[in-house]
Number of protein chains: 2
Amino acid sequence: MNIKEIAKLANVSVATVSRVINKDSKVKSATKEKVESIMKQFKYTPNSHAIRLSKGVKDKTIGLIVPDVGNILFSEMVETICSRAEKENITILLCNTNGDYEKEKKFIKLLMEYRVKGVIYIPGKYVSQKNYSFLNEIRKQNIPIVFLDRKIEGFDFDGVFLDNYEISYNLTKTLLKIKTKKIYFISGALEISSAYDRFLGFKNAIEQNNNFETTYEIKYGDFKFNSGYELGEEILKNHKDEELTIYVANNTMALGFFKILKKYSKNFKKVIIGIFGTSEILDLLLEDQKYVTCKVQNKEIAEKSFEILLKKIENPDLQNENKKYILYNSTIINKLD
Amino acid sequence: MNIKEIAKLANVSVATVSRVINKDSKVKSATKEKVESIMKQFKYTPNSHAIRLSKGVKDKTIGLIVPDVGNILFSEMVETICSRAEKENITILLCNTNGDYEKEKKFIKLLMEYRVKGVIYIPGKYVSQKNYSFLNEIRKQNIPIVFLDRKIEGFDFDGVFLDNYEISYNLTKTLLKIKTKKIYFISGALEISSAYDRFLGFKNAIEQNNNFETTYEIKYGDFKFNSGYELGEEILKNHKDEELTIYVANNTMALGFFKILKKYSKNFKKVIIGIFGTSEILDLLLEDQKYVTCKVQNKEIAEKSFEILLKKIENPDLQNENKKYILYNSTIINKLD
DNA sequence: GTGAAAGCGCTAACAT
DNA sequence: ATGTTAGCGCTTTCAC
């Protein structure tokens, strides 16, 4: 149903219909009502592209692909990007993927169709069996894309990340200052690049810094509260020693771990905790603990990713320049004594 | 710069340029390169509306206006709405306002220009001196709009909210079961409808349920962590009695309050806390406390707002039907003994 | 391999 | 107060 058909049905010209739509000029109220009733009857809604094309409106929109806006880590990134975008009069199409491959693919295609000016992409898991060629397609369209926080192997795009490996390595090294037989590692899914790099940093730090005196055991979680709680319980209920050393790969799981730790804490004389990332609340909870942590610069990397994207949007000639991978390091916060 | 001009500069037809843009058919590589270099040189990017108009693509987008996506309360709402929207193949334009009137106005106008199919609107403060006539304009365009969580006085739109008054009234009533001389109320800005209704429920509960034996003092915060901390300190450092009763109007401020309470807790024998809303982390912190709280159904109201919007989008005839204001009540969680 | 031209659905200037 | 019509910038069929 388009304006022409409405016009015909109402026995008026398209111009009149257009006027009615836009509550514009002086249309006789009789005709106005007739047109409106026809529009209603046929559930007509004007085509936004036609309107905007004829009005000469161009718009700057970018796509923002996020695993889970409900997660405070990402929502802070989204907020940062929104605020910067607003200043540039750039509008944001928000795509929440749940970390799901199919949705990521669907959204990328959608954004291409929308002809967005650029994309900031926080992937979920990278599954090597899956086909990520949709990333090639978007490149062919010359739409700049910047990875944020997590990467997909094998694609040469710009990206801004935490230096997960390095930070985790240093954090573990600090943790090892307290001699322990064993460290439990509560990990995120290793298909997520950040989780993998954190694990790798942890593993290498152990292997390179203690002559293998310390062993470790890894538990696979999903970066969420409950998995910290549940994996924590698995560990706590089976651990007989009065000393416990544990490394939790993100702060949300750490909160879950704390919840269960409270229940079991009487069993342990000494609990040492390493946590990748902290937060105001975590600090509160950790007050009486011995722990090692670091600040996660999520807002900073989000902002940086936007700046890079902006530059690419404004200078399409840079599009095929060398891609930038930027890593943000972070100082270790040592509260071991 | 448009396709025609590019064509002219490259000495080819628009059709050829179009083919180059779309990496489409067999274009001689010489011509292809020539066209591409011209496009690059003039920073040409095709007009998305023209493309989509000619391709016959229609899109369903809605606008989502939020004070602060970085706030977990709202980000959970956003997540809920995103997920539902994705199922309906509806795309979301995210507008982060910072609670700022000017931005709200700007975004509403933007969304009208975009001809979005509908809007979900979480306002910031309602300032009666400001001019909210942009809401009339969007109504004239027949774009359905649903208020979420907070309202603007004087506009007859659909909306879904917590029953802030009722819940707060009940919460306070429960709190009053413990006799106290005075209750401190850490409030949000009263220009925010939810904050105001919570205060009103609190006030009326006190006045109606204790023959005015209990007095109260209100402190004005901004619903954020720091304001719980700072207002908490104001209260704690001046309160001489060993008993303290306090009502915090949202859970984020409650966390801030906890932080400062830890510092002062030795001064008090008995601290009773009322908190509007809770969370997994708050529960953790409250474990050894006497408190009254309630679950805030933020996801539920978000989902409901989407359902209402969807119905309006699908049945434009309902557009001018009676507006719905839906209030979500919540049971009080009583941990006083 | 390339071009000419119709058409996508609307707006807005100009006519009447 | 209403109609006619030339665009808006692109895609796509059909010719060549």
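Here is how names work: the chains are called A, B, and so on, in the same order as the sequence lines, proteins then strands, and each is numbered from 1.
Using cut-offs of 30° and 60° on the angle between ring planes, the pair B:Y325 and B:F161 is parallel. B:F134 and B:Y132 have tilted rings, their planes meeting at an angle from 30° to 60° on a 0 to 90° scale.
Note: CE (A:M1) to C1' (C:dC10) measures 15 Å, nearest angstrom. The CD1 atom of B:I6 sits 17 Å away from the C1' atom of D:dT11 (whole-angstrom rounding). A straight line from CZ of A:R19 to P of C:dT11 spans 11 Å, rounded to a whole angstrom. In this structure, A:D59 places its CG atom 14 Å from C1' of D:dC8, rounding to the nearest Å. Atom P of nucleotide C:dG1 and atom NZ of B:K34 are separated by 16 Å, given to the nearest angstrom. Rounding to whole angstrom units, CD1 of residue B:I51 and P of D:dC8 are separated by 17 Å. Nucleotide C:dA4 holds its C1' atom 14 Å from the CD1 atom of B:I3, rounded to whole Å. Atom NZ of A:K58 is separated from atom C1' of D:dC8 by 10 Å (rounded to the nearest Å).
If you check the side chains of B:Y121 and B:E104, you find a donor sitting under 3.5 Å from an acceptor.
Comparing D:dG9, D:dT12, C:dG9 by their closest approach to the side chain of B:A15 singles out D:dT12. Comparing D:dC14, D:dC8, C:dA13 by their nearest atom to the side chain of A:L53 picks out D:dC8. Across C:dG3, C:dT11, D:dT11, the shortest atom-to-atom separation from the side chain of B:V14 is found for D:dT11. Comparing C:dC10, C:dT2, D:dG3 by their nearest atom to the side chain of B:T16 picks out C:dT2. Distance from the side chain of A:S13 is smallest for D:dG3 among the nucleotides D:dG3, C:dT2, C:dC10. For B:N2, counting side-chain heavy atoms from C-beta on, the closest listed nucleotide (C:dC10, D:dC10, C:dA5) is D:dC10.
At the phosphate of C:dA12, neither OP1 nor OP2 sits under 4.0 Å from any side-chain N or O atom of A:S54. Residue B:S18 has a polar side-chain atom (N or O) positioned under 4.0 Å from OP1 or OP2 of D:dT11. Phosphate proximity of D:dG9 to B:N47: absent, as no side-chain N or O sits under 4.0 Å from OP1 or OP2.
One cannot find a donor-acceptor pair under 3.5 Å joining the base of C:dG9 and the side-chain atoms of B:R52.
With salt bridges taken as basic N to acidic carboxylate O contacts below 4.0 Å, one links A:E88 and A:R84.
For B:K32, the NZ atom sits in a loose shell: 12 or fewer heavy atoms of surrounding residues, nucleotides or ligands are nearer than 6.0 Å.
Looking at heavy-atom distances under 4.0 Å, B:V12 makes contact with sugar-phosphate atoms alone, never a base.
The residue among B:K55 and B:K32 whose nearest nucleotide of DNA chain C lies closer to the 5′ end is B:K32.
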